[in-house]
There are 2 protein chains.
Amino acid sequence: MSRARQTVTLTADLVILTIRDGTLCVLVVERGNEPFEGRLALPGGFLRGGENLDETAARELCEETGVRAEKLHLQQVGVYSDPERDPRRPRVVTCAYLAIAPDLPLPTAGSDARSARWAPVGVVESTGLAFDHDQILRDAVELARAELQFRTIATAFCGDDFTIGELREVYEVIWGVTLDKPNFHRKVTEADGFLVPTGGKRPVANGRPAALYRAGDAELLAPPMMRPRSTTPERSRGR
Amino acid sequence: MSRARQTVTLTADLVILTIRDGTLCVLVVERGNEPFEGRLALPGGFLRGGENLDETAARELCEETGVRAEKLHLQQVGVYSDPERDPRRPRVVTCAYLAIAPDLPLPTAGSDARSARWAPVGVVESTGLAFDHDQILRDAVELARAELQFRTIATAFCGDDFTIGELREVYEVIWGVTLDKPNFHRKVTEADGFLVPTGGKRPVANGRPAALYRAGDAELLAPPMMRPRSTTPERSRGR
DNA sequence: GCAATAGTGTCTCTAAGACAGTATCAC
DNA sequence: GTGATACTGTCTTAGAGACACTATTGC
């Protein structure tokens with residue numbers, strides 16, 4: 001029996017991150033069915049006939065956020081396949097995806113009437129999620145932290161147009177550090193293909209208006225954005 | 001039908017890399033069954049009852065190389081789930097793993113009498129593999145290239161004890177570049193936790209004997225090993 | 001001695017970090 | 001004007017790269 005090939009069902013679970021009010025937030029849903037009915041969980045869904053898992057994830061992402069998935073950053077985190085991770089039969093194996101979205105209004109009273117909402121990652125990590133979603137969330141956030149250094153995904157947290165101050169806030173919130181404003185400004189404006197100035201300006205409550213930028217073509221950030229070494233109390237959260 | 005939950009079988013496929021005679025090589029097997037009978041493919045196997053996919057991969061790795069999987073580097077690359085990737089029913093979805101091994105003798109005439117053998121990655125990429133294994137191989141090699149910069153996995157290509165010249169060869173072969181010997185030496189010996197001197201020396205054919213090192217505790221290489229920008233004709237191979 | 005590889009010293013230059021100083025807004 | 005934020009200039013310093021030089025072997 002234990003040597004037999006397993007037949008499993010596959011799901012794609014989403015860790016959709018955004019920044020709201022200076023806090024890293026994740027989209028969670030309240031489960032309406034067993035198992036773990038009433039508990040918070042990551043959104044996700046089953047693989048369907050004609051699609052691959054990336055398409056499953058993109059479909060779910062669109063359903064949950066109301067935004068075309070092509071406009072958001074979406075990448076695999078990993079596969080979670082422990083035999084005991086889901087009590088259902090046949091075995092349920094999931095592929096976790098990291099999605100990054102700007103601060104957008106959810107379709108709360110939408111057609112599905114899903115109880116999807118943004119919750120601060122820190123809060124969710126202490127209250128706990130269903131299944132092994134705590135582990136998935138930790139892994140996805142750690143992946144996002146690492147990718148910020150070498151790839152240009154930080155712009156995915158911002159809207160189409162954004163200021164350098166908003167981009168800096170992305171790094172500061174996700175890494176839990178404070179960065180030097182002048183140096184950050186020089187660094188990102190000089191990184192080739194990272195930012196494209198739109199020419200527009202955004203008035204600020206009090207102060208000089210900030211120039212607006214759009215995301216450039218580059219996917220890789222060269223040279224990388226170095227993460228400060230000293231100010232890193234985030235390590236303690238790791239596995 | 002297309003909206004129905006799919007039931008699938010899961011496999012773990014392995015991209016086992018090593019360096020032989022100054023060439024990056026991958027372990028391939030000749031398929032003995034349909035589909036793709038007689039074609040070359042990556043080794044892999046089905047998920048079994050009591051195990052998760054990481055354990056499936058570790059078991060296969062041990063079977064193919066004859067080495068305890070804990071001694072080798074093993075990590076997920078990604079999930080490949082296109083509906084047409086495997087003609088069998090039920091659908092076969094695979095999770096690809098990257099494994100890194102020192103140049104070791106294969107159990108060729110072993111119990112299983114598997115036709116496993118090392119083949120240069122460049123040759124395999126031009127002759128082609130079964131299924132979507134060409135894509136998997138490209139992704140795994142690209143992952144290895146990227147990870148070399150920031151993690152200490154290069155030591156996994158070496159034996160227990162190795163010289164700095166051997167370690168430098170790992171970088172040069174995988175990146176397809178030549179690195180400055182003195183600068184490389186200083187860089188890796190000063191990186192905290194990367195190398196531990198054993199005190200031993202290895203005589204060389206012609207020249208001063210090289211000091212021997214073992215892999216240190218660090219997983220992250222800080223500061224990272226920067227990959228030369230100019231000498232990179234490898235990009236053209238990408239997807 | 002010569003050839004070959006291992007390893008060190010030193011100079012240059014780029015880029016990161018610190019931080020003073022300037023620009024442009026609301027009031 | 002003050003206060004706030006955006007942005008620029010400049011100095012310092014760490015580290016990458018180039019490369020001359022020394023060290024230790026086989027012959």
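- Atoms CG (A:Asp180) and P (C:dA16) sit 12 Å apart, rounded to a whole Å.
- A salt bridge links A:Glu147 and A:Arg151; the closest N-O separation between the charged side-chain nitrogens and carboxylate oxygens is under 4.0 Å.
- For B:Lys187 and D:dG15, the shortest distance from a side-chain N or O to OP1 or OP2 is not below 4.0 Å.
- The pair A:Glu63-A:Arg59 counts as a salt bridge, with a side-chain nitrogen and a carboxylate oxygen less than 4.0 angstrom apart.
- Rounded to an integer number of Å, the gap from CG of B:Leu179 to C1' of C:dA6 is 16 Å.
- Over its full length, the helix from C:dG1-D:dC27 to C:dC27-D:dG1 turns its helical axis through 0°, comparing axes from the five pairs at each end and rounding to 10°.
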Close N/O contacts between protein and nucleotides 5-12 of chain D (under 3.5 Å):
unit_1: D:dT5; atom_1: O4'; unit_2: A:Asn206; atom_2: O; d: 3.1
unit_1: D:dT5; atom_1: O2; unit_2: A:Arg208; atom_2: N; d: 3.3
unit_1: D:dA6; atom_1: N3; unit_2: A:Arg208; atom_2: NH1; d: 3.2
unit_1: D:dC7; atom_1: OP1; unit_2: A:Ala211; atom_2: N; d: 2.8
unit_1: D:dC7; atom_1: O5'; unit_2: A:His185; atom_2: NE2; d: 3.3

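- A straight line from CG of A:Asp192 to P of C:dA15 spans 12 Å, rounded to a whole angstrom.
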Report the C-alpha distance between A:Val26 and A:Leu137 in whole Å, list the side-chain angles of each, state the deciding distance to 0.1 Å, and finish with yes or no for side-chain contact (heavy atoms from CB on, under 4.5 Å). CA-CA 9 Å; A:Val26 58; A:Leu137 176 60; 4.0 Å; yes

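- Using a 4.5 Å cut-off on side-chain heavy atoms (C-beta onward), A:Pro224 and B:Met226 make contact.
- The side-chain contact (heavy atoms from CB on, under 4.5 Å) test with B:Ile136 is passed by exactly one of B:Thr94, B:Val141, B:Leu98: B:Thr94.
- Once rounded to the nearest 0.5 Å, the distance linking CG of A:Leu61 with CD of A:Glu55 reads 13.5 Å.
- Between the CE atom of A:Met225 and the P atom of C:dA15 there is a distance of 14 Å, rounded to whole Å.
- Within the structure, side-chain hydrogen bond (donor to acceptor under 3.5 Å, both in side chains) pairs that include any residue of residues 194-215 of chain A comprise A:Glu166-A:Arg202 (at least two apart or interchain).
- The CE-C1' distance, from B:Met226 to C:dA16, rounds to 13 Å in whole Å.
- Here C:dA6 presents its P atom at 12 Å from CG of B:Leu167, a figure rounded to the nearest Å.
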Please assess B:Phe150 against A:Phe150 for the test ring pair (Phe, Tyr, Trp, His ring centres under 6.0 Å), listing each intermediate value before the final yes or no. CA-CA 10 Å; B:Phe150 314 112; A:Phe150 314 112; 3.7 Å; yes

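- One interatomic measurement links the two molecules: CZ of B:Phe184 to C1' of C:dT5, which rounds to 16 Å at whole-angstrom precision.
- Ring planes of A:Trp175 and A:Tyr171: perpendicular class, angle over 60° (limits at 30 and 60°).
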